[in-house]
Number of protein chains: 2
Amino acid sequence: MHSSSNCADCNCKVSIFKNLTPLELALINSSRFQVSYKAGEIIFKQGTPSPYFVCVTSGLAKIYIEGYGKNLILALIKPVDYIFGPGIYVDNRHYYSASAVEDCQACLVDVTVFKKLIRENPDFAEEFIKRVSLQSIFNFDQVISLTQKQMHGRIADVIFYLCDKIYCQNPFELTISRQDLADLSGMSKESAIRILKEFKEEGILTLSGNTLEVLNPKQLRQISETG
Amino acid sequence: MHSSSNCADCNCKVSIFKNLTPLELALINSSRFQVSYKAGEIIFKQGTPSPYFVCVTSGLAKIYIEGYGKNLILALIKPVDYIFGPGIYVDNRHYYSASAVEDCQACLVDVTVFKKLIRENPDFAEEFIKRVSLQSIFNFDQVISLTQKQMHGRIADVIFYLCDKIYCQNPFELTISRQDLADLSGMSKESAIRILKEFKEEGILTLSGNTLEVLNPKQLRQISETG
DNA sequence: TGAAAAAATTGCTTTATATCAATTTATTAT
DNA sequence: ATAATAAATTGATATAAAGCAATTTTTTCA
């Protein structure tokens, strides 16, 4: 949304940077550059080297694993959040791909600078570990949903994720495709569509065009919990 | 296996401790105590407070998420490896349970000591982040196997995991139950048993008593890859 | 604006996998 | 050693979910 010539003044700073000193922010700023991505464009590909910490400052991106014939979306990334995979401390390769779902702007920061600050600032390191841990907990929930719930429960979970964590409003404008919805919930797009239709018919939600409104969150929660 | 009165001399040290100074090891040692678990005993339960870094020095343990009616085993933990969940940097709660599969011995270390060392020793912190990252990459592989492969491929993956990562020999003595096998591969125990039987009939492996030998790793790899 | 391409939708069919029930084998405790 | 209990195995049945094909709607682009 808003860009700045300086990280110190930037109002699009990721919260993980909150413990950095002005000097440290200046270091980040000096290695930083801005990039724009059109909807659909690849930000990086699974398997390629991973030289940047990617901070999404506008739009919406997805990170996804390219599996056996289909994709699994691990998360949607909205402003102001970052993309920073586990490969950076292992072999400097990406273990998932990222692409822009809506037009995006991002700031890229050199990973060596990032790693240097992790070593030098314990508060920053601790905050980073905390964020990695939260991500891990989120992944646990996700894997349980994907492996132990039936399709209705999985779609319910994805709708709550979109409503509560991504678009943060109800009704909301669905900017991701049905295929993305399927890749988030680990099913075929046909199945995802059918279940949305059922939910409409049962009055749990409305979906006209791409505007989705959850009408009966209690029932949807019930569906999520009974699997 | 071997215990010691002092972490500095211990031959059961987890590799993550390699960057600690003698003084730091002494600090760990001072807060450490040893515990024995019989096969089947719970080490800790999902949802409970998480005050210890658990280092498994003998036997075999499992960490598993208690989901909707069934469990998902995230990993088996063998000597010398540690159990240290993401809750420690979040809300000090366990996000998975742990129990002994074989009789186990473990050293428990106070998490506050662990966290203190993470702040004070950047090499240790970096090594820890690296280990967390490796864990995360392993989980990615696991979730793709669980969500995108059919049962044969998932069982193949679990057999490779057991053979290459846990028992580290072929043939090996299967010390986990069929239910554990099912909880590792996200299916019912009946299905797991049926697929093992098929693999036997096709000459891919032998399984007499609980001794499993992979006879045709190439074909098993093929099955793993074609899903 | 209109044609072409892509995305979404729907019905039908097939299949992978769970569930249930019964039986056998192995383990534990008296 | 033997009964009691738990684990493993097997077969039969039910069903959740994918795949396929056809159609409609939406989007893109010349």
Under 4.0 angstrom between [X] side-chain N/O and [N] OP1 or OP2:
| X | N | value |
| --- | --- | --- |
| K197(B) | dG11(D) | yes |
| R178(B) | dT9(D) | yes |
| R194(B) | dG11(D) | no |
| S191(B) | dA18(C) | yes |

Separation of [N] [atom2] from [X] [atom1] (nearest whole Å):
| X | N | atom1 | atom2 | result |
| --- | --- | --- | --- | --- |
| M151(B) | dA18(D) | CE | P | 15 Å |
| Q148(B) | dT17(C) | CD | P | 13 Å |
| I195(A) | dT10(C) | CD1 | P | 14 Å |
| K149(B) | dT15(C) | NZ | C1' | 20 Å |
| K200(A) | dT10(C) | NZ | C1' | 12 Å |
| K189(B) | dA8(D) | NZ | P | 9 Å |
| E190(B) | dT25(C) | CD | P | 18 Å |
| Q150(A) | dT15(D) | CD | C1' | 9 Å |

Mind checking if [X] touches a base, just sugar-phosphate, or nothing, with heavy atoms under 4.0 Å?
| X | answer |
| --- | --- |
| S188(B) | base |
| G209(B) | nothing |
| G40(A) | nothing |

task = Would you please indicate yes or no on a ring centroid separation below 6.0 angstrom for F138(B) and Y95(A)?
result =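 When the ring centroids of Y95(A) and F138(B) are compared, they turn out to be at least 6.0 Å apart.
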message = Counting the benzene-type ring for Trp, do Y52(B) and F114(B) have ring centres under 6.0 Å apart?
response =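 Between Y52(B) and F114(B), the centre distance exceeds or equals 6.0 Å.
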Least distance between heavy atoms, A106(B) atom then Y37(B) atom =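 Nearest heavy atoms, A106(B) then Y37(B): CB-CE1, 4.1 Å.
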key: K165(B) with D81(B): basic N within carboxylate O range, under 4.0 Å   =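 Judged by the 4.0 Å cut-off on N to carboxylate O distance, K165(B) and D81(B) do not form a salt bridge.
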query = Distance-only, no hydrogens or angles: does the E102(B) side chain make a donor-acceptor pair with backbone N or O of A61(B) under 3.5 Å?
reply =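 No; zero donor-acceptor contacts below 3.5 Å.
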